[in-house]
Amino acid sequence: QVHQVESGGGLVQTGGSLRLSCVASGRTFSTSAMGWFRQAPGKEREFVAAIISSGSSAYYADSVRGRFTISRDNAKNTVYLQMNNLKPADTAVYYCNAASRLHALVAGITEELGDWGQGTQVTVSS
């Protein structure tokens, strides 16, 4: 089981950048696919990006492809989300999670995901 703590959120203007970090604990981090999700006020949590255990392949939601980059450092048990050209629509609480396979993250298969952390707030002003 992987448990995670997210950080790096904040308030930025439209067009700005932020880098989120997720430090995970647990023996299975290096063999787990990791993903980022977000939840805006009044909306359901949605998939943002995911990366396989080796870090060699990633998948993105259409709304962030070309602006966000997910990466990981297995030696530090950390997954990152570099967010560029931020828009007000990106305002949300961002969470990371783990799964044994990438598809479970992309499809949001709840029973295959770990526990949710507290998330980190990202606010983009217009």
Side-chain angles (χ1 to χ4, degrees):
Q1 186 78 359
V2 174
H3 301 280
Q4 54 282 336
V5 177
E6 303 91 346
S7 64
L11 173 64
V12 294
Q13 292 185 333
T14 297
S17 298
L18 283 173
R19 188 194 196 202
L20 306 184
S21 298
C22 168
V23 179
S25 62
R27 298 179 300 171
T28 59
F29 177 85
S30 63
T31 60
S32 298
M34 295 296 297
W36 285 95
F37 298 78
R38 66 187 182 186
Q39 186 168 19
K43 295 187 177 181
E44 293 188 354
R45 187 149 36 201
E46 64 175 2
F47 167 78
V48 174
I51 189 167
I52 65 172
S53 58
S54 69
S56 62
S57 182
Y59 189 84
Y60 298 90
D62 289 344
S63 58
V64 306
R65 187 174 293 115
R67 300 188 297 122
F68 291 10
T69 302
I70 188 172
S71 61
R72 65 190 294 162
D73 184 339
N74 286 346
K76 296 182 178 180
N77 274 22
T78 302
V79 60
Y80 304 98
L81 186 67
Q82 177 67 45
M83 305 187 296
N84 298 328
N85 190 21
L86 283 161
K87 305 174 181 180
D90 297 317
T91 295
V93 178
Y94 283 71
Y95 303 86
C96 66
N97 212 313
S100 60
R101 56 185 185 131
L102 189 77
H103 174 71
L105 293 163
V106 175
I109 301 174
T110 304
E111 54 266 30
E112 293 191 38
L113 303 182
D115 295 332
W116 295 99
Q118 86 288 350
T120 186
Q121 175 71 49
V122 172
T123 303
V124 185
S125 63
S126 57

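- Sorted by first then second residue, the salt bridge (Lys or Arg N to Asp or Glu O under 4.0 Å) pairs that include residues 13-26, not counting sequence neighbours, number zero.
- At a threshold of 4.5 Å between side-chain heavy atoms, the hydrophobic network of Ile, Leu, Val, Met, Phe, Trp and Tyr places Y80 and V23 in two separate groups.
- Remark: the backbone N or O of G9 is paired with a side-chain donor or acceptor of T120 at under 3.5 angstrom.
- If you check the side chains of T78 and D73, you find no donor sitting under 3.5 Å from an acceptor.
- The one candidate from L81, N77, N97, I51 that meets the side-chain contact (heavy atoms from CB on, under 4.5 Å) condition with M34 is I51.
- Under a cutoff of 6.0 Å and an axis angle of 45°, R45 and Y94 do not form a cation-pi pair.
- Not counting sequence neighbours, the partners of R38 by the salt bridge (charged side-chain N to carboxylate O under 4.0 Å, His left out) test are E46, D90.
- Considering only residues two or more places apart in sequence or on other chains, R101 meets the salt bridge (charged side-chain N to carboxylate O under 4.0 Å, His left out) condition with E112.
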Audit row: I109, H103, side chain to side chain contact (heavy atoms under 4.5 Å, CB included) steps and yes/no
CA-CA 8 Å; I109 301 174; H103 174 71; 3.9 Å; yes
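- For W36 and F47, the ring centers are positioned 6.0 Å apart or more.
- Of all non-hydrogen atoms in S17 and Q82, the two that sit nearest each other are CB-NE2, 4.0 Å.
- Taken from CD in Q4 to OH in Y95, the straight-line distance is 11.5 Å, to the nearest 0.5 Å.
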